[in-house]
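Protein chains get the first letters and strands the later ones, always in sequence-line order, with residue 1 at the start of each.
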Protein chains: 4
Amino acid sequence: MRDLTDRQRQIVDHAIEMIGEGGLSGLTMRRLSERLGVTEPALYRHFENKTAILAAMLGVLEAETYERLPFDQTATPDALAAHFDRLFALLTERPALATVVFLDEFATTDPELKSMVSELLAKNRERLATAFSAMRTHGLDGAVPVGATPPSSIPDPDSLATLLLGGVRLVVREWRLDGCRWDLAERGRRLVAALTTTMSGAAGAIGA
Amino acid sequence: MRDLTDRQRQIVDHAIEMIGEGGLSGLTMRRLSERLGVTEPALYRHFENKTAILAAMLGVLEAETYERLPFDQTATPDALAAHFDRLFALLTERPALATVVFLDEFATTDPELKSMVSELLAKNRERLATAFSAMRTHGLDGAVPVGATPPSSIPDPDSLATLLLGGVRLVVREWRLDGCRWDLAERGRRLVAALTTTMSGAAGAIGA
Amino acid sequence: MRDLTDRQRQIVDHAIEMIGEGGLSGLTMRRLSERLGVTEPALYRHFENKTAILAAMLGVLEAETYERLPFDQTATPDALAAHFDRLFALLTERPALATVVFLDEFATTDPELKSMVSELLAKNRERLATAFSAMRTHGLDGAVPVGATPPSSIPDPDSLATLLLGGVRLVVREWRLDGCRWDLAERGRRLVAALTTTMSGAAGAIGA
Amino acid sequence: MRDLTDRQRQIVDHAIEMIGEGGLSGLTMRRLSERLGVTEPALYRHFENKTAILAAMLGVLEAETYERLPFDQTATPDALAAHFDRLFALLTERPALATVVFLDEFATTDPELKSMVSELLAKNRERLATAFSAMRTHGLDGAVPVGATPPSSIPDPDSLATLLLGGVRLVVREWRLDGCRWDLAERGRRLVAALTTTMSGAAGAIGA
DNA sequence: AATGAATGAGACTTCATTCAT
DNA sequence: CATGAATGAAGTCTCATTCAT
């Protein structure tokens, strides 16, 4: 994903906002150009396609999400919670992202974008799964010395990752559907806690 | 709107299939009529407009999903697992539903549909939440006598419901994105198990 | 080429006329629809594509040209002359055809049409070549009895066909470029005569 | 307009190549500028507009064709054959010219170009006609002394010129349509021979 | 109950060209 | 001499919908 020019970045930003407001179908070249105060053909000087705009958007999202939400080296429940706290804060601050980040509509529209979304999704889940794997190895508090018996009761990291990511997606989605009227951060924190405390209980049971 | 005629039901069925193939944007009145072997105006004999078709579709989905997937009275982890097993079987058998059931695209298109989707989603989650509540009250095996101390380590039923529902949605979504090429039932079972066994561990720790 | 409906035929006729006036680039869906007194989308009820219209046009041209210009069984110079007389009369009567019949622009626009044009051209030339072959076999007046030595001085039928067809095409083209201001039939007759009399002379020389 | 600058010449050359590849509609200012490695406005430094480029192109073609294909003073069949041999060699070497040289599409686009094409065509034909006239006067081998009775069987020089030029154009066109896959020189030689030998036969018959 | 024909709005895209820098 | 940014006009095509029959 080559670096975007200022204008390109501007276009992408407006596109995100528009999708936030009216979904993917709310983003048309015409309306996008109007919002930028130019005519439609002007957009084509900066992007080859509408698809190119969407692709750039995915790139920006990936960069922004990953850079603004770096994953802690130490994979503890607290680190996880902090990570998602930052995510919820970001989405609260810029709700349009909430529509776009979890954008599965893309999948049906353009085959080219389909794989991009697919990959992005997979990468997200793998990062989480890796974190859960680490917890299994080093203990939930990261304190288990190397070589010690892992608390094997922590199950299938992949499934845990799917549960957490899916849960987060769902809560964000409901928040959007409800017009962002309630406190996403609070509800989200409870969600993440629900998983991590359950795990703590389970791990503690064995560790005891 | 209730009690669809045969023809209406036929239309809705084809619509489901078409959305399964090409997403919401893959469903056009033209293509729908072609698939039914009639012309477009014919559709308007049976439904007022496209929105009405989608609304009817949601109704059918609700009925079909809920009727074919009755919730067991006994809210035990096993009952949950069985429930979702049935869901995965249904989706494997008729993959088009996988696209439609979790259709959030709807939200952006039509305000009328938006609330329908919202409600459907909420109802789903509440049913699950109720189940988790019951587990908290009666123990995971449903054997805790009324009045006994609940295993309080089972957290926030709403969050658990969101995690499970979200996780299921996500796994189904990935399955579709991958072209339904892997075994949804197997992967899904692992997912549900991941949550219930974690809960068992936690509950057991305290109960012991 | 399935039979065209009345409306389709109407569209094709107007298309021919428009190409006659402004070349292939003079034919736009917008202008075509305007001339028919309808809006653009109406055209798409009758033809899938602009290409489909052009293809139908080629079909009509082939039919009309070949049916209105049947080739005499007896392949004599006079028959040839008569044939082309009919062609020149047809073009004079409906000059738009002159632009379309020899339309090579098609070749560059649409790969699908390219082969249609190619074939049409080849068929035309082959018919002529067959006629020249017959002359070689049966004599220019068709009177040489079977088995007699052919007047071998009549050369390469294919080349003769190319010369004649090419000459006719060129004269028609010049006529169009000059705004159809001179007598195509007269000039065309001289052209055909130039070839056939030359052949007569040559054949006579040997036959003598 | 005369005496193109280096840059102008470069532009025209690329334009020829592009028309060769995609027809007149394959030549756009955008693509032309891309191929030259500059932006569009740069082209307007060198030519007033697209028409000017095409006009310059016609000029170049005329010059190049006529200069590289000088007409022999002696108008004999052999000289004609040699002339066209050189033409076929030129086209084989640079097939793009084949599309451009006989470019009648031009006629429909721009009235200014229309007359240029018309004139070019006429000049071509007249040169040939003059040659045929000379043959009529001086005999096919150029040996008939001035004042002798011309072999009157050689008909209408104008028509002969049209036949030959038209035939050549057609054979070149078919060669292009077939993707330049066969030997143009060989096929072209046969074509020219077909006319000249026919004439020889006819003339010989009388001359004898 | 269905069709044939049409429509208004609007989708994405391309073209030749211009203007300030 | 060239660019970056933009434009007006126009291109083909699709969509949901309507109306007379």
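- What separates CD of B:Gln8 from P of E:dA1 is a distance of 10 Å, to the nearest Å.
- At a threshold of 4.0 Å, the pair A:Arg94-A:Asp13 counts as salt-bridged, since one of the basic side-chain nitrogens sits closer than that to a carboxylate oxygen.
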Yes or no on salt bridge (Lys or Arg N to Asp or Glu O under 4.0 Å) for C:Lys114 and C:Glu119, after CA distance, side-chain angles and deciding distance?
CA-CA 9 Å; C:Lys114 181 170 171 168; C:Glu119 276 174 39; over 6 Å; no

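- Using a 4.0 Å cut-off, some side-chain N or O of D:His46 falls inside it from OP1 or OP2 of F:dA2.
- For the pair A:Phe47 CZ and E:dT14 P, the computed distance is 15 Å after rounding to whole Å.
- We find that D:Glu64 and D:Arg9 are joined by a salt bridge, their nearest charged nitrogen and carboxylate oxygen being less than 4.0 Å apart.
- For E:dT21, the paired base is F:dA2 (Watson-Crick or G-U wobble, both distances below 3.5 Å).
- Of all non-hydrogen atoms in A:Asp110 and A:Thr51, the two that sit nearest each other are OD2-OG1, 2.8 Å.
- Distance from the side chain of D:Ala42 is smallest for F:dT3 among the nucleotides F:dT3, F:dA6, E:dA11.
- Atom CG of D:Leu54 and atom P of E:dT17 are 10 Å apart (whole Å).
- Nearest-nucleotide positions on DNA chain E place B:Arg45 closer to the 5' end than the other of B:Arg45 and D:Tyr44.
- In terms of position on DNA chain F, the residue among A:Leu43 and C:Glu40 whose nearest nucleotide sits closer to the 5' end is A:Leu43.
- Remark: F:dT12 base-pairs with E:dA11. Criterion, Watson-Crick or G-U wobble with two distances under 3.5 Å.
- Rounded to whole Å, the distance from CG on B:Leu27 to P on F:dA16 is 7 Å.
- Using a 4.0 Å cut-off, some side-chain N or O of A:Thr28 falls inside it from OP1 or OP2 of E:dA11.
- Listed pair C:Asn49 / F:dC13 meets the phosphate criterion, a side-chain N or O lying under 4.0 Å from OP1 or OP2.
- Using a cutoff of 4.0 Å between basic side-chain nitrogens and carboxylate oxygens, A:Glu40 and A:Arg31 are not scored as salt-bridged.
- One atom, CE of A:Met29, and another, P of E:dC12, lie 7 Å apart when rounded to the nearest Å.
- Distance B:Glu48 CD to F:dT18 C1': 13 Å, rounded to the nearest Å.
- Between A:Asp110 atom CG and E:dA11 atom C1' the separation is 15 Å, expressed in whole Å.
- Rounded to a whole Å, the CG atom of B:Leu36 is 15 Å from the C1' atom of E:dT3.
- Nearest-nucleotide positions on DNA chain E for A:Lys50 and B:Arg7 put B:Arg7 closer to the 5' end.
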